[in-house]
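Notes follow once the structure below has been shown.
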Amino acid sequence: MKQVTTQDIADALQISRNTVSRSLHGQPGVGAETRQRVRQMAKQLGYQSPEAEAPTVSPASTKKIALVATQFTLGLRSFFGVILTQLQRKMRQSGYQLDVFSVTEQMRDQLDIPTELTTDHYQGLFVLSFISAEYTQALLDLKLPTVLIDDHSPELVADSVLTENIDGTQKAMHYLAAHGYRKIGFIGNISFSPSYMERFLGLRLAIDSHPLLSLADEHTITDVREDNPPALFSRLQQLTTMPDVWFTVNNGYASMLVTHLQGNGYAVPQDVGIMAFDDTDIAQMLTPQLTVIATDLKEMANQSFQLLMTKIGTGPTTQQVYIRLMPKIIERSSIVTGQ
């Protein structure tokens, strides 16, 4: 009688031989339903192997951490890519494997959690940047030690490592005031993420507390999406006056702003200054290069790693922890500093 092989099981189920092998050996990367189907078919076909009786790899001994982020976030290589690369470096140095899971818009809207997070043995979880409060809560419901990176919400009971957006923006406003700027403009879709909302709140607090600074309604653009440049250009074209300086929530908005201003005869920074939050490749590629206030992204990764390792080591706690990193001003050419 012909001996039944793993290929026979794979052919019967129309799946790969590798999936069959992982299922029979108790290895991660296979859903619970598939694993059960493989074992049932192996029994039905009379598959004989001592390896099928006991796993050769103990899932509990695999040191693995998962990271979940949207496709949009993972595509921002010059910002979130810096955090991800540093996390991967820290993982390797500590003997951990970091598995990255990308969330599509459909997955987000349907609260579709990657199957591996429920079937494999992960010791902890990073959630990188904003997805949605509902989706992040679904991840928290997995009851894994979890750290949110560059995201938080009062709705969520979760530990987070964040940029100090409010104080950081106030710091930026005091810097602008010290260099003679008075009329401030703001650009950023504050409904897109909690960070953008905090940056706007920081600006308003600075305006309220500084007698020389002002923010006119027409210079307050808080509802234009970053992926809709024509809408931003239209709003800018309708202005009756320009502020002394624009403050944008990120480098992408600043890039569009430079394009509009220079295309309409304004010199930056001689006629209008620009300062942005964050420091990506765009900030140094623009002409003039952007003056920014930005967080040390590698340090954000380091703090996130350390916080998760602490949570894994100490177990569940009811104390919610926020670690906020104060950003620093990086002076370049989009601000006149001799005023």
Side-chain angles (χ1 to χ4, degrees), residues 150 152 154 162-224 226 232-233 235-258 260-262 264-279 283 286 288-296 322 324-339:
D150 197 39
H152 74 291
L162 307 157
T163 293
E164 180 42 77
N165 290 298
I166 295 177
D167 288 358
T169 303
Q170 291 186 82
K171 180 178 180 178
M173 292 304 105
H174 287 288
Y175 169 83
L176 293 175
H179 289 293
Y181 290 99
R182 298 293 179 257
K183 297 178 181 178
I184 311 297
F186 178 90
I187 298 176
N189 181 11
I190 61 176
S191 66
F192 179 76
S193 80
S195 293
Y196 293 175
M197 174 61 81
E198 288 182 348
R199 291 167 192 181
F200 182 61
L201 292 175
L203 182 143
R204 293 306 302 260
L205 287 172
I207 297 292
D208 291 343
S209 64
H210 202 295
L212 298 178
L213 297 180
S214 64
L215 175 67
D217 288 343
E218 72 166 345
H219 299 151
T220 307
I221 303 176
T222 60
D223 56 354
V224 175
E226 189 178 354
L232 177 60
F233 296 154
R235 290 283 293 276
L236 293 170
Q237 201 68 48
Q238 295 172 25
L239 297 179
T240 59
T241 63
M242 276 285 166
D244 298 334
V245 59
W246 286 101
F247 183 80
T248 67
V249 297
N250 65 21
N251 297 173
Y253 282 109
S255 175
M256 290 188 284
L257 182 59
V258 168
H260 173 83
L261 292 175
Q262 293 178 340
N264 286 272
Y266 291 94
V268 180
Q270 292 82 359
D271 297 330
V272 185
I274 299 176
M275 186 174 186
F277 220 110
D278 297 332
D279 187 28
L286 288 173
Q289 293 185 337
L290 289 179
T291 291
V292 299
I293 183 162
T295 301
D296 184 334
Y322 280 4
R324 294 183 180 270
L325 304 183
M326 189 67 176
K328 298 179 180 179
I329 293 172
I330 302 174
E331 293 185 322
R332 297 197 180 101
S333 307
S334 65
I335 293 295
V336 174
T337 58
Q339 296 190 47

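Just so it is clear, the structure is predicted and the values come from calculations on it, not from any experiment.
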Distance from [X] atom [atom1] to [Y] atom [atom2], nearest 0.5 Å?
{"X": "Leu232", "Y": "Leu236", "atom1": "CG", "atom2": "CG", "value": "4.5 Å"}
{"X": "Ser193", "Y": "Glu198", "atom1": "OG", "atom2": "CD", "value": "8.5 Å"}
{"X": "Leu203", "Y": "Thr169", "atom1": "CG", "atom2": "OG1", "value": "7.0 Å"}
{"X": "Asp244", "Y": "Leu176", "atom1": "CG", "atom2": "CG", "value": "10.0 Å"}
{"X": "Glu164", "Y": "Asp167", "atom1": "CD", "atom2": "CG", "value": "4.0 Å"}
{"X": "Ile274", "Y": "Ser333", "atom1": "CD1", "atom2": "OG", "value": "12.0 Å"}

Give me the atom names and distance for the closest heavy-atom approach of [X] to [Y].
{"X": "Ile184", "Y": "Pro243", "answer": "C-CB, 3.9 Å"}
{"X": "Leu162", "Y": "Asp150", "answer": "CD2-C, 4.0 Å"}
{"X": "Val292", "Y": "Ala283", "answer": "CG1-CB, 4.1 Å"}
{"X": "Ala276", "Y": "Thr248", "answer": "CB-OG1, 3.2 Å"}
{"X": "Ser334", "Y": "Pro288", "answer": "CA-CG, 4.0 Å"}
{"X": "Pro269", "Y": "Ile335", "answer": "CB-N, 3.9 Å"}

Do side-chain atoms of [X] reach the backbone of [Y] as a donor and acceptor pair under 3.5 angstrom?
{"X": "Ser255", "Y": "Asn251", "result": "no"}
{"X": "Lys171", "Y": "Pro327", "result": "yes"}
{"X": "Tyr181", "Y": "Leu213", "result": "no"}
{"X": "Arg332", "Y": "Thr291", "result": "no"}

Open item on the list: Using the ring-ring contact (aromatic ring centres under 6.0 Å, His included) criterion, which residues pair with Tyr322? Sequence neighbours excluded.
Closed with: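 Here the qualifying residues are His152.
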
- [ ] Classify the angle between the aromatic ring planes of Phe247 and Phe277 as parallel (below 30°), tilted (30 to 60°) or perpendicular (above 60°).
- [x] perpendicular

Note, [X] side chain near [Y] side chain (heavy atom, < 4.5 Å):
{"X": "Val272", "Y": "Val245", "answer": "no"}
{"X": "Arg204", "Y": "Leu215", "answer": "yes"}
{"X": "Thr295", "Y": "Asp279", "answer": "no"}
{"X": "Ile187", "Y": "Val249", "answer": "no"}
{"X": "Ile166", "Y": "Phe200", "answer": "no"}
{"X": "Ile293", "Y": "Lys328", "answer": "no"}

Side chain to side chain contact (heavy atoms under 4.5 Å, CB included) partners of [X], counting only residues at least two apart:
{"X": "Glu331", "value": "Tyr175, His179, Ile329, Thr337"}
{"X": "Ala206", "value": "Gln170, Met173"}
{"X": "Gln237", "value": "His260, Asn264"}

TODO: Might you work through the side-chain contact (heavy atoms from CB on, under 4.5 Å) test for Trp246 and Met275, ending with a clear yes or no?
DONE: CA-CA 6 Å; Trp246 286 101; Met275 186 174 186; over 6 Å; no

Open item on the list: Give me each pair satisfying side chain to side chain donor-acceptor pair (under 3.5 Å) with a member in residues 211-223, each pair once, sequence neighbours excluded.
Closed with: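 Found Glu218-Thr240, Glu218-Thr241, His219-Thr241, Asp223-Arg235.
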
Open item on the list: Looking only at the side chains, is there a donor atom on one of Glu226 and Asn189 sitting less than 3.5 Å from an acceptor on the other?
Closed with: no

Open item on the list: For the residue pair Asn165 / Tyr196, report whether a side-chain donor-acceptor contact shorter than 3.5 Å exists.
Closed with: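 Asn165 and Tyr196 do not have a side-chain donor-acceptor pair below 3.5 Å.
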
Open item on the list: For Leu257 and Phe233: C-alpha separation, side-chain torsions, deciding distance, then whether side-chain contact (heavy atoms from CB on, under 4.5 Å) applies.
Closed with: CA-CA 8 Å; Leu257 182 59; Phe233 296 154; over 6 Å; no

Open item on the list: Assess whether a salt bridge exists between Arg199 and Asp278, defined as any Lys/Arg side-chain N lying under 4.0 Å from an Asp/Glu carboxylate O.
Closed with: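 Judged by the 4.0 Å cut-off on N to carboxylate O distance, Arg199 and Asp278 do form a salt bridge.
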
Task: salt bridge (charged side-chain N to carboxylate O under 4.0 Å, His left out) partners of residues 174-195, not counting sequence neighbours, each pair once - done: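 As it turns out, there is no salt bridge (charged side-chain N to carboxylate O under 4.0 Å, His left out) pair with a partner in residues 174-195 once direct neighbours are skipped.
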
